[in-house]
Asks: 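My structure is below; once you've seen it, I'll send some questions.
Below, chain A is the first sequence line, B the second, and so on; all start at residue 1.
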There are 2 protein chains.
Amino acid sequence: MTGSTLPVVERPASSNNTEPIHFDLIELLFFAYRDFTSDPDELLLHYGFGRAHHRILHFVTHRPGMTVAELLDVLRITKQSLARVLKQLIDTGYIVQVPGPRDRRQRELYVTKEGKELALALALPQSRRIDAALREAGIQDRAALERFFRAMVNPERRRQLDRTTPSE
Amino acid sequence: MTGSTLPVVERPASSNNTEPIHFDLIELLFFAYRDFTSDPDELLLHYGFGRAHHRILHFVTHRPGMTVAELLDVLRITKQSLARVLKQLIDTGYIVQVPGPRDRRQRELYVTKEGKELALALALPQSRRIDAALREAGIQDRAALERFFRAMVNPERRRQLDRTTPSE
DNA sequence: GAATTATGTCAGCCTTGTTGACATAAATAC
DNA sequence: GTATTTATGTCAACAAGGCTGACATAATTC
């Protein structure tokens, strides 16, 4: 409720109050992302899964053989948070673990046939929404949009954006 | 854990398996949105607030005088969820309520000077991130990006995107 | 052989969603 | 003018998915 150090914001640091703020894009991003995630959310409900399961399924699908540590690094959550959700995906047969060939302490993660199919089913409505939006907005330069999103990511994390596996 | 009706997804409905999926954009949107929200999150911490407070502050700032019901409709959460967070913003003096002039049951919401300043401070890093990304991606056509985001929103909700107040 | 590393797990807490039930005041209907 | 509906608030309980701290095990490395 009450914070410790309240940064005074009467005049935001290094703002001369004339800087134009992209309020419209900020708000649009909120609405767009909310609806974007609502499609798979509905499907996940049928499986008793949540958005957290979706993320894991996505990354394991597209970076097959990644270790638990690598997954933690990409998702930026604690191993306790991951374990709770990952365990369910393993127990229900969507993901399997195999001991690392070089380092047998590691657990390499792979999706099963079911896992791959579920990941695809979850991505489908999202992809179609993007596709429809691209056409509706009359965007020919898809690469520009890709560059924009990439540039929105913190520089130090951009290397994680490199696909280890071509997108299906 | 176990759902009731498991939609079989061996071959996703109305997919001929040749449809290209925008896996890369789906993933980029996840990373971009995560970093995009991390900027204000850090600032909010100092106030003992969370992302929920940010959303309320944003909408009340840009649609001053909106009622509780209107805010609920925009945020798409329950009044119990809203109440918990809104109450804190009122108690700490960032938002005030005034009885509706026509209908005195309604509570019109307004940000205080402090609320407006906080909303601006929260928006600033997000706006700068967008600005930097636009330049970095070499996007001249800002309007196209705006159209894209707008098109990503469910059609029936797009009327909520119309600003009642020019963006500051 | 000892220390470090990769992973798993237990217990408890927080935020922000949810549902259901009920209270109050003001507007509207009859 | 009483009855109903509406706008808002509030209590209680629950769920998902974050978090911290502590500890266990097996395998690797020093």
Asks: If you check the B:R104 side chain, which of C:dT9, D:dC11, C:dA26 turns out closest?
Replies: C:dA26
Asks: Do A:H58 and A:H54 have their ring centres less than 6.0 Å from each other?
Replies: no
Asks: From NZ of B:K79 over to P of D:dT6, roughly how many Å is that when rounded to an integer?
Replies: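 Those two atoms, NZ and P, are 13 Å apart.
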Asks: C:dG17 P sits how many Å from A:R34 CZ, rounded?
Replies: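 In whole Å, C:dG17 P lies 10 Å from A:R34 CZ.
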Asks: Does the distance from a Lys or Arg side-chain N to an Asp or Glu carboxylate O, for A:D73 and A:R157, drop under 4.0 Å?
Replies: yes
Asks: Between D:dG21, C:dG20, C:dT7, which nucleotide gets closest to the side-chain atoms of A:T67?
Replies: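 Nearest nucleotide to the side chain: C:dT7.
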Asks: For B:R51, which contact category applies under a 4.0 Å heavy-atom criterion: base, sugar-phosphate, or nothing?
Replies: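 It contacts sugar-phosphate atoms only.
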Asks: Among D:dA26, D:dC11, C:dT9, which is the nearest nucleotide to the side chain of A:R105?
Replies: D:dA26
Asks: Select from A:G50 and A:R102 the residue whose nearest nucleotide in DNA chain D is closer to the 5' end of that strand.
Replies: A:G50
Asks: Expressed as a whole number of angstroms, how long is the span from A:L75:CG to C:dT7:P?
Replies: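 To the nearest whole Å, that distance equals 13 Å.
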Asks: Of all the choices, C:dG20, C:dG17, C:dA26, which nucleotide is nearest to the side chain of B:D103 once you look at every atom?
Replies: C:dA26
Asks: How long is the line joining CG of B:D41 and C1' of D:dC19, in whole Å?
Replies: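 Those two atoms, CG and C1', are 14 Å apart.
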Asks: Using a cut-off of 4.0 Å on non-hydrogen atoms, how would the nucleic acid contact of A:Q97 be classed: base, sugar-phosphate, or nothing?
Replies: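 Sugar-phosphate contact only - A:Q97 comes under 4.0 Å of backbone atoms but never of a base.
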Asks: Need to verify one output field. Residue with the more 5' nearest nucleotide on DNA chain C, A:I90 or A:R84?
Replies: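 Its nearest nucleotide being more 5', the pick is A:I90.
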Asks: Rounded to whole Å, please give me the gap between CG in A:L72 and C1' in D:dC19.
Replies: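 Atom CG in A:L72 sits about 14 Å away from atom C1' in D:dC19.
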Asks: Rounded to the nearest Å, what distance is computed from the CG atom of residue B:L86 to the C1' atom of nucleotide D:dT10?
Replies: 13 Å
Asks: Which nucleotide wins on minimum distance to the side chain of A:Q80, given the candidates D:dG21, D:dT8, C:dT7?
Replies: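 The listed nucleotide nearest to A:Q80's side chain is D:dG21.
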Asks: I'd like to know whether the aromatic ring centres of B:F49 and B:Y94 sit less than 6.0 Å apart in this structure.
Replies: yes
Asks: As a test of reading the structure: which of D:dG18, C:dT7, D:dA7 is closest to the side chain of B:Q106, going by heavy atoms?
Replies: D:dA7
Asks: Can you tell me if A:S81 touches the phosphate of D:dG17, counting only side-chain N or O atoms and a distance under 4.0 Å to OP1 or OP2?
Replies: no
Asks: What heavy-atom pair brings B:M66 and B:F59 nearest, and what distance separates the two atoms?
Replies: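 Closest heavy-atom pair between B:M66 and B:F59: SD-O, 3.8 Å.
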Asks: Looking at B:R107, does any N or O in its side chain come under 4.0 Å of the phosphate oxygens OP1/OP2 on D:dA7?
Replies: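 No, B:R107 has no side-chain N/O under 4.0 Å of OP1/OP2 on D:dA7.
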Asks: Return the nearest nucleotide to the side chain of A:A52; candidates are C:dT16, C:dT7, D:dG17.
Replies: D:dG17
Asks: Report the nucleotide, chosen from C:dT9, D:dT20, D:dT10, that has the shortest atom-to-atom distance to any side-chain atom of A:A83.
Replies: C:dT9
Asks: For B:T78 and C:dG17, is the shortest distance between a side-chain N/O and OP1 or OP2 below 4.0 Å?
Replies: no
Asks: Scan A:D39, A:T61, A:L57, A:D41 and name whichever one has a side-chain contact (heavy atoms from CB on, under 4.5 Å) with A:L122.
Replies: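 Single side-chain contact (heavy atoms from CB on, under 4.5 Å) partner of A:L122 among A:D39, A:T61, A:L57, A:D41: A:L57.
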